[in-house]
*Asks:* 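One structure follows; several queries about it will come next.
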Amino acid sequence: MPRLEPPDRVSRLSLEATALPPSRMLHVPLEQRLRAAVAAVLPDAPSTPVQVRPATDAKFGDYQCNSLMGLAKERKLNPRALATQVVAQLDVADLCLPVEIAGPGYLNFRLKPDAWAAILAATARGEHLFFRPAAQPKTLVIDFSSPNVAKPMHVGHIRSTGIGDCLQRTFRLLGHRVISDNHLGDWGTQFGKLLVGWKQRLDPGALAADPIAEMERLYREINAACEADPSLLDLAREELVRLQAGDPENLGVWKEMIRLSQVQFDSIYGRLGVQFDQTLGESFYNPQLNGVVHDLLARGLARESEGAVAVFSDGTLPPKEDPFLVNKDGEWVADPALIRKSDGGFNYMTTDLATVDYRIQTWSPDEIIYVVDDRQSPHFRKLFQTFARWQPDAAARTQLRHIGFGKILGEDGRPFRTRDGGTVKLGDLLDEAVERALHVVTEKRPELDEASRREIARVVGLGAVKYQDLLPNRQSDYVFSWDKMLALSGNTAPYVQYQFTRAQKVTREGGAYDPARLLQTTPTEPAELALIRHLLNFGLTLEAVAEECRPNYLCNYLYDLAGLYSRFYEHCPVLKAEEPVRTLRLALCDLTAQVLQKGLNTLGIETTEVM
RNA sequence: GCGCCCGUAGCUCAGCUGGAUAGAGCAUCCGCCUUCUAAGCGGACGGUCGGGAGUUCGAAUCUCCCCGGGCGCACCA
């Protein structure tokens, strides 16, 4: 007879021996107790943490630990002997069958069958969704997207925007405080040329029709004209100086350019569902720049060099690791960070220093995360070092992290462009994705009305684009292909979205179920067990995404979950099953749908009830 | 020249502090809709993890040397 457990007995699964909250992830109590057992055998703390992870293969059980072998090696102990001693101290009998020591010293944990039912019941009651809030919530500033004013957003912006948005969603889901900040490129030398173009060659009709295209045209034309005519370059410099000095006319034009650009940004972000807490562009920091330079000069951290003001190496790092040194023909020569140009203007190092200062003063973050192209890595190394020398106390409290990503290449291996060599506009890319998706929806579901098909196409098309960009490891370059970007099968958003709709459909038709009934059965089908095991890894995945700032972990988790669901769906009838199996399977559909939806939303991808 | 990143199946890519027979998608081939949506499922084919040496009980992963590719190297951001 299945034993009926009242709800309060479920807390048995939490740690009676420790003060942790009830577990939503079964590896947590196992790991805690294993650490206690290790501490009993080896009183001095291990240098690397002992970890319990999901088993790599179901034949090894449900969870495994590989850490004892490393620990034994470090201390020159016999790994199997150590494992035997640790297991003797380990009390997990309430959760697991006897722990098995395998091979050179793996520990394999096999959960008792009723452990599954209890955690599913707790989840079905809505107590959690297989993840736990961070024990120590942090405050994080995330700097991402950062497009330039007066230019179209193009494919190059998709990576920073998509990765940054996924990170802010992930950190928020885990209970951290996030300040997302869009550091617009709204200041700089390009405005001198833009002002000349605006005053001399503006086509008001074209501006009204497509402001971004017109501003882009102006910049291109003047830029080319400057190369032919140096006097035009001087004029651009003069306009820039006037702008910087606060000339009302130039200021007015500049503000109009920003306003027009913001319309474009709002449109793109609206489609992508990306929101920022702050949009503090470079210009916001103008008033601070002089002070930054003076302060660095006064503290002796910067000095004049060839008419510019620059920060040089302080010699505390070996040359190879010193961002302020570069090797030229076998000799290490200075590669300083310029904070004021010889013409008196400031460059982005100065702005970035002021920005770090402002963010720390304003929000006291534990971390500031920059989601920016890997090619700017040398800049960030200089920035972080310079800031640490400038404000050592603040730098000690705040971790500055550059989260870099690779380039998007064309199929010829060169930077991705359109056929005629232009940049691919982000808006056009999204349009094409939605259009292709509409074509597929119309083919697959001709019976749906047009409004429904358009809505599905929007969700599927945008999801496909975002997912393809988040799927590769962010640090590597990836080859862009329209077919791949917009693919609707394989490891793609539409596949995951589709499995969601299947799970949702069954959940809807199954109606309400009683979570308590889950305690009357234990899952036995391999497809059920595989699905449950994977559901329990959701929290571990979210934590890994946050820890390493790698959204691809979540993509792969969701793809695996969708696949496991699909196999379950093929092999295990739900609505026609006898109780209590029906309730178990219905709960699996419900919980899988919830995790798929929550996971996709964390990637910034929507779901739809019908596909 | 120096530094950083990369090289895994025909193609595009995963591979978490070194762990159990290296995974997936696409492509190709063979099956599966009287049973909750086939945008689905099952199976087959396919790799000396660029090459070599080393550390280790154990290496795609760590160290060194080559080969091949990309990016960066003061007044752009």
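Numbers restart at 1 for each chain; the letters A, B, ... are given by sequence-line order, proteins then strands. Nothing here was measured: the structure is a model prediction, and the numbers come from that model.
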*Asks:* So, for A/Phe405 and A/Tyr478, is the gap between ring centers shorter than 6.0 Å?
*Replies:*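 Ring centres of A/Tyr478 and A/Phe405 not closer than 6.0 Å.
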*Asks:* Please confirm whether any donor atom in the side chain of A/Gln497 sits under 3.5 Å from an acceptor in the base of B/rA39, or the reverse.
*Replies:*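 Not at all, since no donor on one side and acceptor on the other fall under 3.5 Å apart.
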*Asks:* For A/Arg381 and B/rC2, what is the distance between atoms CZ and P respectively, to the nearest whole Å?
*Replies:*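 After rounding, the gap between these two atoms is 17 Å.
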*Asks:* Using a cut-off of less than 4.0 Å, is there contact between a side-chain N or O of A/Thr56 and OP1 or OP2 of B/rG19?
*Replies:*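 No, because none of the side-chain N or O atoms of A/Thr56 sits under 4.0 Å from OP1 or OP2 of B/rG19.
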*Asks:* Taking only N and O in the side chain of A/Ser566, is any of them less than 4.0 Å away from OP1 or OP2 of B/rG40?
*Replies:*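 False: A/Ser566 side-chain N/O out of range (4.0 Å or more) of B/rG40 OP1/OP2.
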*Asks:* So A/Pro494, base contact, sugar-phosphate only, or nothing? Heavy-atom distance under 4.0 Å.
*Replies:*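 Nothing: the residue A/Pro494, judged by heavy atoms under 4.0 Å, touches no strand.
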*Asks:* Base, sugar-phosphate, or nothing: which does A/Glu443 touch, judged by heavy atoms less than 4.0 Å apart?
*Replies:*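 The answer is nothing, as A/Glu443 stays clear of every strand by at least 4.0 Å.
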*Asks:* Looking at the side chain of A/Tyr478, which of B/rC36, B/rC13, B/rU21 is the nearest nucleotide?
*Replies:*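 When the side chain of A/Tyr478 is considered, B/rC13 is the closest of B/rC36, B/rC13, B/rU21.
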*Asks:* Using OP1 and OP2 only, check whether a side-chain N or O of A/Ser476 sits under 4.0 Å from B/rU12.
*Replies:*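 The answer is no; no side-chain N or O of A/Ser476 sits under 4.0 Å from OP1 or OP2.
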*Asks:* Side chain of A/Gln475: nearest nucleotide among B/rC6, B/rC36, B/rC16?
*Replies:*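 Among B/rC6, B/rC36, B/rC16, the one nearest the side chain of A/Gln475 is B/rC6.
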*Asks:* Quick one: do A/Arg582 and A/Glu578 make a salt bridge, cutoff under 4.0 Å?
*Replies:*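 Between A/Glu578 and A/Arg582 there is no salt bridge, as every charged N stays at least 4.0 Å from the carboxylate O atoms.
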*Asks:* For B/rC33, decide between syn and anti, treating a glycosidic angle within 90° of 0 as syn.
*Replies:*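 It is syn.
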*Asks:* Hey, is A/Glu609 close enough to A/Arg508 for a salt bridge, meaning N to O under 4.0 Å?
*Replies:*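 Answer for the salt bridge query: yes.
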*Asks:* A/Phe538 vs A/Phe131 aromatic rings, parallel, tilted or perpendicular, using cut-offs 30° and 60°?
*Replies:*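 The arrangement is perpendicular - the two ring planes meet at more than 60°.
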*Asks:* Is any side-chain N or O of A/Tyr467 closer than 4.0 Å to OP1 or OP2 of B/rG25?
*Replies:*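 No, A/Tyr467 has no side-chain N/O under 4.0 Å of OP1/OP2 on B/rG25.
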*Asks:* Is there a donor in the side chain of A/Asp449 and an acceptor in the side chain of A/Ser452, or the other way round, less than 3.5 Å apart?
*Replies:*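 A pair is found: one side chain offers a donor N or O, the other an acceptor, under 3.5 Å apart.
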*Asks:* Quick check: on RNA chain B, is the nucleotide nearest A/Lys444 upstream (toward 5') of the one nearest A/Arg474, or the reverse? Name the residue that is more 5'.
*Replies:*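 Residue closer to the 5' terminus by nearest nucleotide: A/Arg474.
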*Asks:* Taking 4.0 angstrom as the limit, do A/Lys407 and A/Asp373 come out as a salt bridge?
*Replies:*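 Looking at A/Asp373 together with A/Lys407, the answer is no, because their closest N to O distance does not fall below 4.0 Å.
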*Asks:* Quickly, which of A/Arg53, A/Arg533, A/Arg110 forms a salt bridge (charged side-chain N to carboxylate O under 4.0 Å, His left out) with A/Asp62? Name it, please.
*Replies:*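 Testing A/Asp62 for a salt bridge (charged side-chain N to carboxylate O under 4.0 Å, His left out) against A/Arg53, A/Arg533, A/Arg110 leaves exactly one candidate, A/Arg533.
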*Asks:* A/Leu575 has a side chain; which of B/rU35, B/rU12, B/rC36 sits nearest to it?
*Replies:*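 Minimum distance to the A/Leu575 side chain belongs to B/rC36.
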*Asks:* Classify the angle between the aromatic ring planes of A/Phe191 and A/Trp254 as parallel (below 30°), tilted (30 to 60°) or perpendicular (above 60°).
*Replies:*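 Answer is perpendicular, since the angle exceeds 60°.
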*Asks:* Starting at atom CZ of A/Arg53, determine the distance to atom C1' of B/rU17, rounded to an integer number of angstrom.
*Replies:*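 Taking CZ of A/Arg53 and C1' of B/rU17, I get 10 Å after rounding.
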*Asks:* Between P on B/rC73 and CG on A/Leu325, what's the gap in Å once rounded to a whole number?
*Replies:*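 After rounding, the reported distance stands at 16 Å.
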*Asks:* Out of B/rA20, B/rC57, B/rA38, which has the shortest distance to the side chain of A/Arg502?
*Replies:*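 So the side chain of A/Arg502 is nearest to B/rA38.
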*Asks:* Ignoring the backbone of A/Ala308, work out which of B/rC36, B/rC75, B/rC26 is nearest its side chain.
*Replies:*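 For the A/Ala308 side chain, the nearest candidate turns out to be B/rC75.
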*Asks:* Restricting both atoms to N or O, compile the protein contacts to nucleotides 65-71 of chain B shorter than 3.5 Å, with distance only.
*Replies:*
from, atom 1, to, atom 2, distance (Å)
B/rG70, O2', A/Lys407, NZ, 3.0

*Asks:* Check every atom of B/rA39, B/rC41, B/rA20 against the side chain of A/Arg567 and return the nucleotide holding the closest atom.
*Replies:*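 Shortest atom-to-atom distance from the side chain points to B/rC41.
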*Asks:* May I ask you to decide whether A/Asp483 forms a salt bridge with A/Arg436, counting only side-chain N to carboxylate O separations under 4.0 Å?
*Replies:*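 A salt bridge links A/Asp483 with A/Arg436.
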*Asks:* Can you tell which of B/rC2, B/rC13, B/rA39 lies closest to the side chain of A/Tyr498?
*Replies:*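 That would be B/rA39.
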*Asks:* Any N or O donor-acceptor pair under 3.5 Å from the base of B/rA77 to the side chain of A/Asp373?
*Replies:*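 Checked by distance alone, the answer is no.
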*Asks:* So does A/Lys73 reach the base of B/rU55 with its side chain, donor to acceptor, closer than 3.5 Å?
*Replies:*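 A donor-acceptor contact between them is absent.
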*Asks:* Among B/rA74, B/rG40, B/rA20, which nucleotide sits nearest the side chain of A/Gln64?
*Replies:*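 So the side chain of A/Gln64 is nearest to B/rA20.
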*Asks:* According to a strict under-4.0 Å criterion, is A/Asn473 in side-chain N/O contact with OP1 or OP2 of B/rG15?
*Replies:*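 For A/Asn473, the contact criterion (side-chain N or O under 4.0 Å from OP1 or OP2 of B/rG15) is met.
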*Asks:* Touch check for A/Val574, heavy atoms < 4.0 angstrom, all strands: base, sugar-phosphate only, or nothing?
*Replies:*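 Base, at least one base heavy atom under 4.0 Å.
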*Asks:* Under 4.0 Å between any heavy atoms, over every strand shown, what does A/Ala310 touch: base, sugar-phosphate, or nothing? Just pick one.
*Replies:*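 It contacts nothing in the nucleic acid.
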*Asks:* Considering every strand and a 4.0 Å limit on heavy-atom distances, what is the contact class for A/Lys59: base, sugar-phosphate, or nothing?
*Replies:*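 If one applies the 4.0 Å heavy-atom cut-off, A/Lys59 turns out to touch a base.
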*Asks:* If you assign each of A/Pro573 and A/Gly563 to its closest nucleotide in RNA chain B, which residue comes earlier from the 5' end?
*Replies:*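 Counting from the 5' end, the first nearest nucleotide belongs to A/Pro573.
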*Asks:* Whole angstrom is fine here: how far is it from CD in A/Glu74 over to C1' in B/rG18?
*Replies:*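 Taking atom C1' of B/rG18 as the reference, CD of A/Glu74 is at 13 Å.
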*Asks:* Just call it for A/Ile456: base, sugar-phosphate, or nothing, with non-hydrogen atoms closer than 4.0 Å on any strand.
*Replies:*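 Here A/Ile456 touches the bases of the nucleic acid.
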*Asks:* Specify the separation, in whole Å, of atom CG of A/Asn347 and atom C1' of B/rC75.
*Replies:*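 After rounding, the gap between these two atoms is 6 Å.
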*Asks:* Closest approach of A/Asp477 and A/Gly406, non-hydrogen atoms and distance?
*Replies:*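 Of all heavy-atom pairs spanning A/Asp477 and A/Gly406, the closest is OD1-CA, 3.3 Å.
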*Asks:* Decide, for B/rA39, between syn and anti: a glycosidic angle within 90° of 0 counts as syn, anything else as anti.
*Replies:*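 Here the answer is anti: the torsion falls beyond 90° from 0.
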*Asks:* Base, sugar-phosphate or nothing for A/Cys572? Non-hydrogen atoms, less than 4.0 Å.
*Replies:*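 A/Cys572: base contact, heavy atoms under 4.0 Å.
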*Asks:* Heavy atoms only, 4.0 Å cut-off, all strands: where does A/Gly105 land among base, sugar-phosphate and nothing?
*Replies:*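 No contact at all - A/Gly105 keeps every heavy atom at 4.0 Å or more from the nucleic acid.
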*Asks:* Yes or no on side chain to side chain contact (heavy atoms under 4.5 Å, CB included) for A/Arg502 and A/Ser566, after CA distance, side-chain angles and deciding distance?
*Replies:* CA-CA 9 Å; A/Arg502 293 171 118 190; A/Ser566 192; 3.1 Å; yes
*Asks:* Grab the CD-C1' distance between A/Gln51 and B/rC16 for me, whole Å please.
*Replies:*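 Result: 9 Å.
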*Asks:* Can you check whether A/Tyr569 stacks with the B/rG40 base, using ring centres under 5.5 Å and planes within 30°?
*Replies:*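 No, the aromatic ring of A/Tyr569 does not stack with the base.
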*Asks:* To the side chain of A/Ser305, which of B/rA77, B/rA39, B/rA74 is closest?
*Replies:*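 Looking only at side-chain atoms, A/Ser305 lies closest to B/rA74.
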*Asks:* Could you write out RNA chain B as dot-bracket? Rules: Watson-Crick or G-U wobble, both distances under 3.5 Å, brackets [ ] for crossings, | for pairs with another strand, dot for unpaired.
*Replies:* (((((.(..((((.....[...)))).(((((.......))))).....(((((..]....)))))).)))))....
*Asks:* Nearest-Å distance, CG (A/Leu353) to P (B/rA77)?
*Replies:*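 Rounded to whole Å, this separation is 13 Å.
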*Asks:* Return the value, rounded to whole Å, for the distance between atom CZ of A/Arg237 and atom P of B/rC76.
*Replies:*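 Going from CZ in A/Arg237 over to P in B/rC76 covers 8 Å.
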*Asks:* Is there a donor and acceptor pair closer than 3.5 Å between the side chain of A/Tyr348 and the base of B/rA77?
*Replies:*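 Yes.
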*Asks:* Would you call A/Arg237 and A/Asp234 a salt bridge, taking side-chain N to carboxylate O under 4.0 Å as the test?
*Replies:*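 Looking at A/Asp234 together with A/Arg237, the answer is yes, because their closest N to O distance falls below 4.0 Å.
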*Asks:* Centroid distance below 5.5 Å plus an interplanar angle below 30 degrees: do A/Phe60 and B/rA20 meet both conditions?
*Replies:*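 Stack criterion met.
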*Asks:* Would A/Trp187 and A/Leu243 count as a side chain to side chain contact (heavy atoms under 4.5 Å, CB included) if you check the C-alpha gap in whole Å, the side-chain angles of each, and the deciding distance to 0.1 Å?
*Replies:* CA-CA 10 Å; A/Trp187 198 251; A/Leu243 173 67; 3.7 Å; yes
*Asks:* For A/Val87, which residues count as a side-chain contact (heavy atoms from CB on, under 4.5 Å) partner, sequence neighbours excluded?
*Replies:*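 Scan of A/Val87 (side-chain contact (heavy atoms from CB on, under 4.5 Å), adjacent residues dropped) gives A/Val99, A/Ile101, A/Leu107.
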*Asks:* For the side chain of A/Asn552, counting heavy atoms from C-beta on, which of B/rA14, B/rC41, B/rG1 is nearest?
*Replies:*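 Among the listed nucleotides, the one closest to the side chain of A/Asn552 is B/rA14.
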